[in-house]
Amino acid sequence: MSVVGPGGSAPIPWEERPADSSDLVWRSSRNPIIGRHHLARSNSIFNSAVVPFGDGFAGVFRVDDIVRTMDLHAGRSADGVTWQLDPEPIRFEAGDNRVTEIQGAFEHAYDPRVTWLEDRWYVTWCNGYHGPTVGLGYTHDFETFHQLDNAFLPFNRNGVLFPRRIGGAYALLSRPSDNGHTPFGDIFFSESPDLVHWGRHRHVMAPERWTWQSTKVGPGPTPIETDEGWLLIYHGVLTSCNGFVYSMGVALLDLDEPWKMVARARGYLLSPQVPYEQVGDVPNVVFPCAALLDAPTDRLTIYYGAADTVVCMAHTHLSEVLDLLRRS
Ligand code: BMA
């Protein structure tokens, strides 16, 4: 089993399962760890990606400001819980002249994921270019960021890179969408020789009727490589009479051909059931964007946005999640 990223030396944030809980995934008692007014001009901070970095942690955060512009901010933390976020959004340097064309048409940037791949941290996000599509960039230090071309035509969201090449190619999950709030959505796999040209698109998974994931599904954190397959934590959505309800689920994808699903848990891992997930700018949203694994201790900490307003954490054991998938 490989650990995602080069690994920081700091222990990942962790709390034991509460004595009175038998839940597979349990919430941090410190939630929300980042409040909506963490920055002077922030309206909300949520759906953000965190990685081990140096002797602590770094991340890319979705900040919606008081204009309600959605943009990405870099952040650093000694312990993964208390964060210092840059007050100004990331200004990506253009990887080449063609990238300045898409930067000139900037609409918004949101829902980042961060993936250690070969020799650097890649950032993927929902990039507005005549509608939402998948933006791609990288950094070595979380100070200077470089932007590559968009991976896809609009409309697409939730681009999530695999942390290594598969069959020689870079690999990406995404969810094709529409220009609005998208009342549908399946997860697809794509590959690329150079991180610019993407193709060989394959269907991975669809919503399941009459369940918590009946409207749409989208990939969450960077897939985690295990001996049994790629562990994919994802979001699934149902439509209630009050609108969308976003929950967190888990599936296992084939290591060599990740468009083939090995297993999928039928129940959700976490659904909006506490006030900070049920009440906010968008009620009833649990939206995972990052996961930290400490393989020697079996600890898995998941970062998720709650109610499109705040950043939260939840904990589980990888072995228990794999057990669940074996039984599914
Ligand atoms: C999606 C994105 C997410 C958000 C979700 C729920 O379309 O905007 O950032 O969490 O809707 O509102």
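In listed order, ligands and their atoms are each counted from 1.
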closest protein heavy atom to atom 10 (O) of ligand 1 is Asp308 OD1, 2.6 Å

Looking only at protein heavy atoms, what sits closest to atom 7 (O) of ligand 1 is Tyr246 OH, 3.8 Å

Could you tell me whether some N/O pair between [X] and ligand 1 is separated by less than 3.5 angstrom?
| X | answer |
| --- | --- |
| Lys216 | no |
| Arg62 | yes |
| Asp111 | yes |

Side chains of Asn242 and Ser240: is there a donor and an acceptor less than 3.5 Å apart? no

*Cluster question for you: counting only ILVMFWY and a side-chain heavy-atom cut-off of under 4.5 Å, with indirect links fine, are Phe106 and Val63 together?*
no

request  = Measure the acute angle between the ring planes of Phe92 and Phe145, then classify it against the limits of 30° and 60° as parallel, tilted or perpendicular.
outcome  = perpendicular

Checking heavy atoms under 4.0 Å, the part of Phe244 that sits near ligand 1 is neither

Only one of Arg200, Arg202, Arg165 passes salt bridge (charged side-chain N to carboxylate O under 4.0 Å, His left out) with Glu191, and that residue is Arg200

The single option from His315, Gln273, Glu277 that satisfies side-chain hydrogen bond (donor to acceptor under 3.5 Å, both in side chains) with Arg27 is Glu277

Ligand 1 to Val282, heavy atom cutoff 4.0 Å, flagged ligand atoms 12 (O)

Salt bridge Asp64-Arg41, side-chain N to carboxylate O under 4.0 Å: no

